[in-house]
Structures are given as C-alpha cells and as structure tokens.
Amino acid sequence: MLTRSIRITLILLWLFCSVSQAGSLSHIQLIESETTTERTQQLLQSALVWGWVKYYHPAANAGKLDIDAELVRLLSQQWAADKQDMTTAITDWLTALPDWPDDVQPSADAWQLYQAQSMQILPLPLEWHNALAALANKPVKNPYYFDYTRWIGNYQQQNEAGYPDFSAEPQQVWLALFRYWNVIHYFFPYHDQMDVAWTSRFEELVPVFAQVKDEVSYRYALLRLAAAVQDGHAIIRHNNWMLIPGHFFLPVQFLILDGKVLVQNSYRIEGNPLQPGDEVLAFQQQPTSAWLDSVLPIIPASGDPMLSSYLRAFLQRTNEAEVRMTIRRGEKISDVTVPSFGYSQLTATPLSRSIVLPKHQWLDGQVAYLKIYAMSRKEFSEAYALYQTADALLLDLRGYPNDSGTFSALMRHLVKGRSAALGFVRPSKGQPGSFHRFYDSKTGSWWPFGRAETRPVIALISARSMSQSETNLMLLQLYQNSLLVGSNTAGANGDITFVTVPGDYQLYFSGLGVYYPDDTPMQRYGVLPDVLVQQTVADLRIGQDTQLNKAVSIIASGQNIQELRSSQVDKIQALSRKRPPLE
C-alpha cells in the first residue's frame, strides 16, 4: 500500500472503437490526469478482477473472450465512471461477460483460494464476490490462456499475442504490466519469500509504467517489473538477447566488494586506462553510489542485488562513446576517460589478467582440483579415475554446469543407496494460484553395496553458482564429509518459464519451487556456505583466488570437516540473528 499520493502524469484510457480482429487491441483516446493513491488502488482492483476472469471464467477458457480487448474495455469503463464508483465500473464489465455458470455459491476451498488471491479487496457486493469465487468450484480442465509443461508441470503461456510492432501506446504498456503481474500472482511458487506483498509491488510499479513515452522508457519499466519479482531467473530477453540497457561495452569486468566498485579485469585494447584492482570513485562526475543507485532497481536478483553476478554486466554497458571516471590506484587518485566498444571488438581482445584454471589439476601434490561445472560427464569420469590417490577432492561449482549428468555420476560415488535431497513444488493443475509438492528428488547409487567415498570433498561456491549448480550443491550436502567454502549462491532455482508481453519481450521467472526435504528454503537465501570466504581487495589486486586458497588451507590443516558443517536451517537462523530488528 502506498503511504502518500503519487503526483505524476498518467495516461488515462478511453475506448472509442471496438476490436477489429482477434489478437489486436482497440485504439484508445489519451487523457491526462493526476495519479493518486486512490487511482492506483483502482488500477490494482482492475488487475485483480481481470486476472481472475482470465484464468477462471468459462468464456475465457473456451476462447470466447479476447482477454486483451477485455482489459481495454474494463479500463475504459473504469475511467468513464465516476472516480469514486469502481463498483459500477467492475459490475458493468462483469455483467457483459457471457456464459456465467448457474452455480453462484462458492465451496469452502474455492472461497479460500479466492481470498488467497486478494480478491476480497474488490469493492463488490457479496453476490458478485460469491459468483466470482464460485468459478473456482471445479478445476479448470482446458485452460485457454495458459497450460502446464509436460512432465514438469510449470506454467506455459498460450494463445496470447506478443504485438511485435511496439508503439508505446498506452494499451500495450498497461497490458504488459497487467499480463506479467498476473502470471506471477498466480503461477510464481515463491510468494512467501518476497519482501513485500505482490499487490504492493503493483502499486509501486504504476508510476513507473505511467511515465512510459517511448521504447527506451518502456524497457526500463519492464526491467523494474521483472526485478520486483526478486528472482535471479527474472531476466528479460528480446531478439534472443538478454535485455541490458546500453549499446556499447566498457573494456572492464567489474566486481563489487564492501560497496566499492573495483576493476576485476580489463581488456588489452587501445585507449583503455583501467587496470585490475582500480577502485572507481566517480562515474560521469557522479559519486559511484549514485551510479549504483541508478542500476540496482533493475537488477534481476533473488537476494542483495549488490551481490548479483548480473550487476557487473549491467555496469559494463553504456550508450556513451566514452565515460569519465575518477579512480584510485594504490594511493593515487586520478581522472580518466574510458572509451566504449562494440561487443565483437571486446570478444576478440584478450584480458590483461588470465586466472582461468584448467578443468582439473593437482594442488599441493595431494589435493585434486576439478572444475566440475565445466566438465562433461565423460570428462568427469576420466578425471575422477586419475585422482584416486588424492587425499581430498576440491570441486569448483562457481558457474553453471555444462552437463547435468556430471553431478549424478559423482553422487553415485559419494552416496550408496538412494536418499532424498530436495523437494519440488509446482502449480496445482486446474487451480491457478495454488501449489503443491509433487516430487522429492533422490540421489546416490542404486546399488547400496560396495565401497563409498570417504575422502573430504570441498565445494567452492559463489553468486555465480545458480539454478542447476544450486541443485547440485543440495545433492552434495547429503555426503557427510563434504564442505561448502565461499560466498552465498545466487538463490534462484526451479525450471524457468517466460511470459511474452507487447514488443515481443520475454520476461522469465522460476516456474518451480525447490526446497530441502524438510521444507527449508533455498530461494533468495542461496545455498549458504559452511565457511564464508569473500574475495579481498588485496587478493584481487595480485590476482589470487581467495576462496580456493582457503579451501586448500582447510584440507592441509587436517581439520575435521564434519565439525565445520552446519545445516541450511541453522545458517538461516544465524543470518536472522545478525539482522537488525525492523523499526
């Protein structure tokens, strides 16, 4: 709920001609007015009733309603009516819908589901609440605007136009917000992990979408919308590219440490004045904090966007031919001008520092290092056989797996017999807005006999460990002699799906929920390390891998691995104790 009026210019909607053909939107006359908290609340009410009708009304599921045109009609009636009379606007819209069922008394389960979707805030008489809730008395058997993917069963969009010829007209802009917001409202499995209610996020986003005047501002609004989900999978793709503002690239790779923007690596290209270890103090004559503040609201991150691996990609992009920076190098502070380049120019240019580790090697003569995320299953099997005499295995999971079968092969060596490692939650079929746990994933060897691994296995983890990498780490934790060293993982897991909105933009999100067997969450927290190790500025400047060095030192010390381990739930509780109380 907004706490004060939003005084901005909002494009109001007024329908003046009908839909000419299926899949097209009506033309809308533009009227300017002020958006207040009251008007924003009315838009939320429209979003709620439109979404419920879209997914539950029999006419919608029979394909008899052009649901996009119905949104235009609803909003037109909303603004045609007296500003205070949302009841009339909504009831007139509902009354005109065909094929209302005779059963208008909701079951207890249907009413509970109706309330769970915040429908009770609609300014409707009881008979209309009952009629709407009763639409959920029976499961939706043949949905028209959504389906469920085969086998997995997460949300899949269908029968909705992408309107590739985007023109920044208000009907397309508001449709984008209403469409994606409702899909998240009904099909996103992690509502319980959000910082604030999803209805409150809608109210925050109204002024952002109200200010859209061209495709640039529209893209910014979409980025804000996706970031509001607080899901590292909530990226946007357009024309097969991830949407990141800026046509050009700065010749650096940034890293954020302790709130500082540092140069982790730089490209050896003519005119680039930056070196690894440089600290950026100002960007385009603005403090670095202002630069970060402008970018953080659009970062798709499950946890702290400052820790997101996407942040450095966003910071690297610009629309300027060159940017001015103030940097600190050692004790010296200086102003530099940094040119920008096209993507193909940088990809053909070497980095000034290469610290790429091989896929496998000996460390200190007794530790086997395996970059398991980069290995195929065949490569892993061959490498595993080479290091049978190693005292310990050091697995690098700081990246997305190249082959999902590699870790299954490893777990057959580590765990004899099958054990549950994680549980999956998906949308309940035919009941948008409800979810259920449908599968517990097990790992280990099908053959419970024979020799199992006893050597210490240490995994290196970071924010680059995401999705399938996090699943692999949850599997690894079943091995009692394993240890996680590094920093929090991304906290984004569950098979991804997407929604296409006007302009043919695909907005993604995690379509399945992934939990530990005891229902402990991983989403947003990440898989938490047993031994927290953050990169240091000193190690960055000399090119050392702080996390790898720590893991090797633990092995060399002979410490009891099991004494360093703790459960995910214990780590979450420890984090909660460290957080200051809310005021």
Side-chain angles (χ1 to χ4, degrees), residues 3-4 195-196 201 204-205 207-208 211 216-217 219-221 223-228 230 232 234 243-246 248-266 272-340 462-464 487-488 490-491 524 526 534-541 546 575 578-580 582-583:
T3 58
R4 58 186 174 86
D195 285 342
V196 299
R201 291 296 189 202
E204 294 173 7
L205 290 162
V208 179
Q211 295 179 77
V216 173
S217 53
R219 288 180 173 189
Y220 176 78
L223 288 165
R224 285 286 301 272
L225 171 60
Q230 295 181 296
L243 180 61
I244 301 176
F248 304 114
F249 294 76
L250 297 173
V252 293
Q253 294 176 351
F254 291 109
L255 181 68
I256 312 300
L257 289 179
D258 299 327
K260 299 176 180 178
V261 179
L262 303 168
V263 176
Q264 184 178 34
N265 219 331
S266 61
N272 182 13
L274 299 176
Q275 298 178 9
D278 289 346
E279 178 185 353
V280 181
L281 303 177
F283 181 86
Q284 294 290 63
Q285 298 180 312
Q286 295 292 322
T288 303
S289 58
W291 183 28
L292 289 173
D293 287 344
S294 69
V295 176
L296 290 175
I298 60 174
I299 299 298
S302 297
D304 185 350
M306 286 281 282
L307 305 178
S308 170
S309 58
Y310 289 128
L311 179 55
R312 70 178 189 175
F314 277 67
L315 293 178
Q316 191 184 12
R317 299 286 279 273
T318 182
N319 282 316
E320 305 298 329
E322 59 183 28
V323 300
R324 296 185 60 187
M325 296 185 190
T326 301
I327 65 169
R328 176 186 286 124
R329 182 177 299 160
E331 300 299 322
K332 183 180 179 182
I333 295 177
S334 57
D335 294 326
V336 297
T337 299
V338 183
S340 62
S462 73
R464 297 193 302 278
S487 53
N488 299 9
R524 298 208 62 211
Q534 302 281 17
Q535 176 75 293
T536 68
V537 176
D539 282 351
L540 171 64
R541 286 175 175 154
T546 312
L575 280 177
K578 291 179 181 178
R579 290 174 179 166
L582 295 176
E583 297 181 358

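Heavy-atom basis, side chains included; hydrogens, waters and symmetry copies ignored.
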Undergrad: Would you check if the side chain of Asn272 reaches a backbone N or O of Leu274 as a donor-acceptor pair within less than 3.5 Å?
TA: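 Side chain of Asn272 to backbone of Leu274, a donor-acceptor pair under 3.5 Å: yes, one is there.
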Undergrad: Taking all non-hydrogen atoms of both residues, which atom of Leu223 and which atom of Pro245 are closest, and how far apart?
TA: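 In this case the closest contact between Leu223 and Pro245 is CD1-CG, 3.6 Å.
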Undergrad: Rounded to the nearest 0.5 Å, what's the gap from CZ on Arg328 to CG on Leu262? Could you check?
TA: 10.0 Å
Undergrad: For the CG atom of Leu311 and the CD1 atom of Ile298, what is their distance to the nearest 0.5 Å?
TA: 10.0 Å
Undergrad: Quick one, Asn488 with Leu307, criterion side-chain contact (heavy atoms from CB on, under 4.5 Å). Give me CA distance, side-chain angles, the key distance, then yes/no.
TA: CA-CA 9 Å; Asn488 299 9; Leu307 305 178; 5.6 Å; no
Undergrad: Roughly how far apart are Glu204 CD and Leu225 CG, rounded to 0.5 Å?
TA: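 The CG atom of Leu225 is 11.5 Å from CD of Glu204, to the nearest 0.5 Å.
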Undergrad: Can you check whether Pro276 reaches Ser266 side chain to side chain, under 4.5 Å on heavy atoms?
TA: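 The answer is yes; the side chains approach within 4.5 Å.
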Undergrad: Under 3.5 Å, is there a donor-acceptor pair between the side chain of Gln211 and the main chain of Pro207?
TA: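 Yes, the answer is positive, given that a donor and an acceptor are paired below the 3.5 Å cut-off.
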Undergrad: At what distance, to the nearest 0.5 angstrom, does CG of Asp258 lie from CD of Gln535?
TA: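 Going from CG on Asp258 over to CD on Gln535, the span is 11.0 Å.
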Undergrad: Determine the minimum heavy-atom distance between Pro305 and Ala301, stating which atoms define it.
TA: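 Heavy atoms only, the tightest pair is CA-CB, 3.7 Å.
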Undergrad: Checking Arg224 against Leu205 for the side-chain contact (heavy atoms from CB on, under 4.5 Å) test, could you report, in this order, the C-alpha distance in whole Å, the side-chain angles of both residues, the deciding distance, and whether it holds?
TA: CA-CA 8 Å; Arg224 285 286 301 272; Leu205 290 162; 4.1 Å; yes
Undergrad: Within the 4.5 Å heavy-atom criterion, are Val261 and Ile256 side-chain neighbours or not?
TA: yes
Undergrad: With a 3.5 Å distance limit and no angle check, can you tell me whether Arg317 reaches the backbone of Phe249 through a side-chain donor-acceptor pair?
TA: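 The answer is no, because no donor-acceptor pair under 3.5 Å joins these two groups.
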Undergrad: For the residue pair Pro339 and Pro251, what are the closest heavy atoms and their distance?
TA: O-CD, 3.1 Å
Undergrad: A side-chain contact here means heavy atoms from C-beta on lying under 4.5 Å apart; do Ile244 and Tyr310 qualify?
TA: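 Counting from C-beta outward, Ile244 and Tyr310 never come under 4.5 Å.
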Undergrad: Heavy-atom count around Asp195 CG within 6.0 Å, excluding the residue itself: above 12?
TA: yes
Undergrad: Taking Gln534's backbone N and O only, do any of them form a donor-acceptor pair with Ser487's side chain (distance below 3.5 Å, no angle check)?
TA: no
Undergrad: Using a 3.5 Å distance criterion without hydrogens, assess whether the side chain of Thr288 forms a donor-acceptor pair with backbone atoms of Leu281.
TA: yes
Undergrad: Taking atom CG of Leu255 and atom CG of Asn265, what is their separation to the nearest 0.5 Å?
TA: 10.5 Å
Undergrad: Determine whether Leu250 and Met325 satisfy the following criterion, side-chain contact (heavy atoms from CB on, under 4.5 Å), listing intermediate values before the conclusion.
TA: CA-CA 12 Å; Leu250 297 173; Met325 296 185 190; 3.8 Å; yes
Undergrad: What's the shortest heavy-atom distance between Val295 and Phe314, and which atoms?
TA: CG1-CB, 3.7 Å
Undergrad: State the OG1-CZ distance between Thr326 and Arg324, to the nearest 0.5 angstrom.
TA: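 Answer for the OG1-CZ pair, Thr326 versus Arg324, is 7.5 Å.
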Undergrad: Which residues pass the salt bridge (charged side-chain N to carboxylate O under 4.0 Å, His left out) test with Arg541, sequence neighbours left out?
TA: none
Undergrad: side-chain contact (heavy atoms from CB on, under 4.5 Å), that's the test. Do Val323 and Ser340 meet it? Break it down for me.
TA: CA-CA 8 Å; Val323 300; Ser340 62; over 6 Å; no
Undergrad: Can you see which heavy atom on Ala490 is nearest to which on Ala463, and at what distance?
TA: CB-O, 3.5 Å
Undergrad: Restricting to pairs with a member in residues 280-299, which pass ring pair (Phe, Tyr, Trp, His ring centres under 6.0 Å), not counting sequence neighbours?
TA: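 Every pair satisfying ring pair (Phe, Tyr, Trp, His ring centres under 6.0 Å) with a residue in residues 280-299: Phe254-Trp291, Phe283-Trp291.
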Undergrad: Is the side chain of Ser302 donor-acceptor paired with the backbone N or O of Gly232 at a distance under 3.5 Å, no angle test?
TA: yes
Undergrad: Just by distance, do the side chain of Asp539 and the backbone of Thr536 share a donor-acceptor pair under 3.5 Å?
TA: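 Such a contact is absent between Asp539 side chain and Thr536 backbone.
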Undergrad: Taking all heavy atoms of Met306 and all of Gly259, pick out the closest pair and write down the distance.
TA: CE-CA, 3.5 Å
Undergrad: Hey, does the side chain of Gln253 reach the backbone of Arg312 with a donor-acceptor pair shorter than 3.5 angstrom?
TA: no
